[in-house]
Engineer: 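Following this message is one structure expressed as structure tokens.
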Amino acid sequence: MSRLFALALAALWMLVAPLSAEILLTPKEITQTLRHGPWPPQPTIDPSNRVSGNPQAIALGQQLFNDPILSIDGTLSCAACHDPARDFTDGRARAMGRDLQDRNTLSLWNLGRHRWFGWAGDTDTIWAQSITPLLNAGEMGHSHETLQHALRNSRYATEYTQLFSDPAQEPAQQTTVNIAKTLAAFQETLHSGITSFDRFRDALAKGDMNHAVKYPAAAQRGLQIFLGHGRCVFCHSGPAFTNGEFHDAGIPYFLEPGRVDQGRFAALNALKDSPYTLDGAFTDDQKKSGAWAVRNVRFQHLDFGTFRTPSLRRAAQTAPYMHNGSLPDLRAVLDHYNAINMERLHTDGEAILRPLNLSDTELSDLETFLRTLSDDTPGG
């Protein structure tokens, strides 16, 4: 937003503020609010995936997503953990595949704008992230060979051949990649809708204060905390309410006695060793235009125990929270940050975190605001 427009908006606020006590935001807060939109973003095509945006691939990906053929024993589908009825999560603290997993199931909303995927960013494309559970012995449990065999003997073989090639005539590893790319083509279409926050934000952008005052006062007060002394905006920024990067949120590392989740620190090894990155041989982007990110990651001690900041859009529908699912509801998350243990954080890490020391009323207002990021119609 230009400085001239911001000044004009501030002047407008000065005019309407005396007339309506329901517009609580200051000119600075209005400017900050406008940075969290507009929503939804324009759809984009993933150049690393040649079937991105292809209607036939999207349809095949959706069918495969819901079919247990993708698990070695035919008992699990992607939707078993990413249940559409649960906002593409499973409601568990930690995911249950063929075995109990170490982390909470992330929702699949709005994946198209991410740079890193998974809690720790061990992949840099949606399709590469889809490969991980297919080959994980504790999740879907396939090998390249068993997955190719399952596809060749399924009702999807003809449609797959139309999109790619005869799976009997290609390396099994290529079949795995192609299946993952159809899954990604489908997942790219999962966009959350416009919320009451977005309607408020858009009304502010248009100078339509008559519409803006319909946004509840409690939500406005919560938004002020979010933008101000709550410091939430440092990590949950932009239209998707995430900076997409990795932070220490003060959650314990230990999974069980003697075993810890190293987060981003361990994921960097997997990322560097993976053949499925934007710098690898399986990308369809001949220019490798996104490869700069994976080429330039560096191992740092402060990455230990850090996890990717999730989007807050539809977050109110995806409890429990944090990478290990240890916080059961939104209020528990706010209570965690309200009295965060500073001794638990990296000494060279998250200097922006400190106990919020909010009152019960302030915590309630902040929760009210967060729920206005989730009151849309999914896919609307």
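The residues of the chain are indexed from 1 along the displayed sequence.
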Engineer: If you round to the nearest 0.5 Å, how far is OG1 of Thr318 from CG of Leu312?
Structural biologist: 9.5 Å
Engineer: I need the Arg308 CZ to Asp122 CG distance, nearest 0.5 Å.
Structural biologist: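 Going from the CZ atom of Arg308 to the CG atom of Asp122 covers 10.5 Å.
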Engineer: Kindly determine whether Thr176 and His144 satisfy side-chain hydrogen bond (donor to acceptor under 3.5 Å, both in side chains), including the steps that lead there.
Structural biologist: CA-CA 6 Å; Thr176 299; His144 296 300; 2.9 Å; yes
Engineer: For Lys28, does the NZ atom have more than 12 heavy-atom neighbours from other residues, nucleotides or ligands under 6.0 Å away?
Structural biologist: no
Engineer: Looking only at heavy atoms, which two atoms of Thr372 and Ser196 are closest? And how far apart?
Structural biologist: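 Result for this residue pair: CB-OG, 3.3 Å.
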Engineer: Nearest 0.5 Å please: distance from the OG1 atom of Thr158 over to the CG atom of Leu163.
Structural biologist: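 Thr158 atom OG1 to Leu163 atom CG measures 11.5 Å (nearest 0.5 Å).
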Engineer: Examine the side chains of His247 and Thr306 and answer whether a donor and an acceptor come within less than 3.5 Å of each other.
Structural biologist: no
Engineer: Counting C-beta onward and ignoring hydrogens, is there a side-chain heavy-atom pair between His142 and Gln148 closer than 4.5 Å?
Structural biologist: no
Engineer: State, with a plain yes or no, whether a side-chain heavy atom of Gln173 is found less than 4.5 Å away from one of Phe282.
Structural biologist: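 Yes, at least one pair of side-chain atoms sits under 4.5 Å.
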Engineer: Please confirm whether the backbone N or O of Ala315 pairs with a side-chain atom of Ser374, one donor and one acceptor, at under 3.5 Å?
Structural biologist: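 Between the backbone of Ala315 and the side chain of Ser374 there is a qualifying donor-acceptor contact (under 3.5 Å).
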Engineer: Starting at CG of Leu147, measure out to CD1 of Ile72 and round the result to the nearest 0.5 Å.
Structural biologist: 8.5 Å
Engineer: Please answer: with hydrophobic residues joined when any side-chain heavy atoms are less than 4.5 Å apart, are Trp292 and Leu271 in the same cluster?
Structural biologist: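 Not linked; separate clusters.
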Engineer: If you round to the nearest 0.5 Å, how far is OG1 of Thr189 from CG of Leu108?
Structural biologist: 10.5 Å
Engineer: Under 4.5 Å side-chain heavy-atom separation, chaining through any Ile, Leu, Val, Met, Phe, Trp or Tyr, what else clusters with Met96? Say none if it is isolated.
Structural biologist: Leu100
Engineer: Is the closest side-chain heavy-atom distance between Leu358 and Ile225 below 4.5 Å?
Structural biologist: yes
Engineer: Is there a path from Leu190 to Trp39 through hydrophobic residues (I, L, V, M, F, W, Y) whose side chains come within less than 4.5 Å of each other?
Structural biologist: no
Engineer: Side chains of Asn324 and Ser326: is there a donor and an acceptor less than 3.5 Å apart?
Structural biologist: yes
Engineer: Say whether Phe265 and Val260 are linked into one hydrophobic cluster, either directly or through other cluster members, by side-chain heavy-atom distances under 4.5 angstrom.
Structural biologist: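 Both belong to a single hydrophobic cluster.
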Engineer: Under a single-linkage definition using a 4.5 Å side-chain heavy-atom cutoff for Ile, Leu, Val, Met, Phe, Trp and Tyr, are Phe88 and Ile58 assigned to the same hydrophobic cluster?
Structural biologist: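 Not linked; separate clusters.
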Engineer: I'd like to know whether Leu70 forms a side chain to side chain contact (heavy atoms under 4.5 Å, CB included) with Cys78, so could you lay out the CA-CA distance, the side-chain angles of the two residues, the decisive distance to 0.1 Å, and finally the verdict.
Structural biologist: CA-CA 8 Å; Leu70 294 190; Cys78 303; 4.0 Å; yes
Engineer: Does Asp365 pair with Arg221 as a salt bridge, N-O distance under 4.0 Å?
Structural biologist: yes
Engineer: Which pair of heavy atoms, one from Ala185 and one from Val51, lies closest together, and at what distance?
Structural biologist: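 The answer is CB-O, 3.7 Å.
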Engineer: Could you name each residue pair satisfying ring pair (Phe, Tyr, Trp, His ring centres under 6.0 Å) that touches residues 162-185, not counting sequence neighbours?
Structural biologist: Tyr160-Phe164
Engineer: In the structure I gave you, are the side-chain heavy atoms of Arg94 and Asn104 within less than 4.5 Å of one another anywhere?
Structural biologist: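 Arg94 vs Asn104: side chains apart.
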Engineer: Are any side-chain N or O atoms of Gln101 and backbone N or O atoms of Asp99, one a donor and one an acceptor, separated by less than 3.5 Å?
Structural biologist: yes
Engineer: Between Asn49 and Thr125, is there a side-chain heavy-atom distance shorter than 4.5 Å?
Structural biologist: no
Engineer: Short question: side chain of Asp87, backbone of Thr89 - any donor-acceptor pair under 3.5 Å?
Structural biologist: no
Engineer: I'd like to know if the side chain of Asn153 and the backbone of His149 have a donor-acceptor N/O pair within less than 3.5 Å.
Structural biologist: yes
Engineer: Within the structure provided, determine whether Phe197 and Leu223 are in side-chain contact (heavy-atom separation under 4.5 Å).
Structural biologist: yes
Engineer: Closer than 3.5 angstrom, by distance alone: can the side chain of Gln220 be matched with the main-chain N or O of Glu22 as a donor-acceptor pair?
Structural biologist: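 Side chain of Gln220 to backbone of Glu22, a donor-acceptor pair under 3.5 Å: yes, one is there.
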Engineer: Run through the side-chain heavy atoms of Ile, Leu, Val, Met, Phe, Trp and Tyr, join any pair under 4.5 Å, and report what else lands in Leu106's cluster.
Structural biologist: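 Besides Leu106, the hydrophobic cluster comprises Trp119, Phe307, listed by chain and residue number.
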Engineer: Can Ser311 and Trp109 be said to form a side-chain hydrogen bond (donor to acceptor under 3.5 Å, both in side chains), step by step?
Structural biologist: CA-CA 9 Å; Ser311 171; Trp109 291 119; over 6 Å; no
Engineer: For Glu362 and Ser359, indicate whether the former's side chain and the latter's backbone hold a donor-acceptor pair under 3.5 Å.
Structural biologist: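 Yes, Glu362 side chain to Ser359 backbone: donor-acceptor pair under 3.5 Å.
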Engineer: Please evaluate residues Lys206 and Asp202 with respect to the criterion salt bridge (charged side-chain N to carboxylate O under 4.0 Å, His left out), reporting the C-alpha separation (whole Å), side-chain torsions for both, the decisive distance (0.1 Å), and the verdict.
Structural biologist: CA-CA 6 Å; Lys206 297 173 183 176; Asp202 293 347; 6.0 Å; no
Engineer: Do Glu245 and Arg115 sit within salt-bridge range, that is, some charged N less than 4.0 Å from a carboxylate O?
Structural biologist: yes
Engineer: Measure the spacing between NE2 of His236 and CZ of Arg231 and express it to the nearest 0.5 Å.
Structural biologist: 14.0 Å
Engineer: Thinking salt bridges, do Arg371 and Asp375 make one under a 4.0 Å N-O criterion?
Structural biologist: no
Engineer: When hydrophobic residues are tied together by side-chain contacts of less than 4.5 Å, even through go-betweens, does Val177 share a cluster with Leu278?
Structural biologist: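 Unlinked, Val177 and Leu278 end up in two clusters.
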Engineer: Verify, without hydrogens or angle tests, whether Arg298 (side chain) and Asn296 (backbone) share a donor-acceptor contact under 3.5 angstrom.
Structural biologist: yes
Engineer: Please report the shortest heavy-atom distance between Leu76 and Glu139, naming the atom on each side.
Structural biologist: CD1-O, 3.6 Å
Engineer: Ignoring hydrogens and angles, state whether a donor on the side chain of Asp67 or Tyr156 is under 3.5 Å from an acceptor on the partner side chain.
Structural biologist: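 Yes, because at least one side-chain N or O of Asp67 sits under 3.5 Å from a partner of the opposite role on Tyr156.
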Engineer: Any donor-acceptor pair under 3.5 Å linking the side chain of Ser52 with the backbone of Asp46?
Structural biologist: yes
Engineer: Are the side chains of Arg313 and Asp198 in touch, meaning some heavy atoms are under 4.5 Å apart?
Structural biologist: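 Arg313 reaches Asp198 side chain to side chain.
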Engineer: Give the C-alpha distance, both sets of side-chain angles, the deciding distance and a yes or no for side chain to side chain contact (heavy atoms under 4.5 Å, CB included) between Phe65 and Leu60.
Structural biologist: CA-CA 8 Å; Phe65 184 88; Leu60 177 59; over 6 Å; no
Engineer: Classify the side-chain pair Thr277/Ser274 by whether it contains a donor and acceptor separated by less than 3.5 Å.
Structural biologist: no
Engineer: Just grab all the salt bridge (charged side-chain N to carboxylate O under 4.0 Å, His left out) pairs involving residues 68-81, residues at least two apart or on different chains.
Structural biologist: Asp73-Arg98
Engineer: Considering only heavy atoms from C-beta outward, does the side chain of Arg259 approach that of Asp102 to under 4.5 Å?
Structural biologist: yes
Engineer: Quiz question: by atom type and distance under 3.5 Å, do the side chains of Asn178 and Gln174 form a donor-acceptor pair?
Structural biologist: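 Side chains of Asn178 and Gln174: pair found under 3.5 Å.
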Engineer: For the pair Asn110 and Ser192, evaluate side-chain hydrogen bond (donor to acceptor under 3.5 Å, both in side chains) and give the outcome as yes or no after the intermediate values.
Structural biologist: CA-CA 7 Å; Asn110 309 312; Ser192 62; 3.0 Å; yes
Engineer: With sequence neighbours left out, which residue pairs that include part of residues 170-184 fulfil the salt bridge (charged side-chain N to carboxylate O under 4.0 Å, His left out) condition?
Structural biologist: Lys181-Asp284
Engineer: Kindly state each residue pair satisfying ring pair (Phe, Tyr, Trp, His ring centres under 6.0 Å) with at least one member in residues 200-229, sequence neighbours excluded.
Structural biologist: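 Those involving residues 200-229 are Phe200-Tyr215, Phe226-Phe241, Phe226-Phe369.
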Engineer: Checking Arg314 side chain against Ser107 main chain: does a donor-acceptor pair fall under 3.5 Å?
Structural biologist: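 No.
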Engineer: Taking CZ in Arg50 as the centre, count heavy atoms belonging to other residues, nucleotides or ligands within less than 6.0 Å. Is the count above 12?
Structural biologist: yes
Engineer: Ignoring hydrogens and geometry, is there a side-chain-to-backbone donor-acceptor pair from Glu29 to Leu227 under 3.5 Å?
Structural biologist: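 Such a contact is absent between Glu29 side chain and Leu227 backbone.
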Engineer: Please find the pair of heavy atoms, one from Ala339 and one from Pro355, that lie closest to each other, and give the distance.
Structural biologist: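 Scanning both residues completely, I find the closest heavy atoms to be CA-CB, 4.3 Å.
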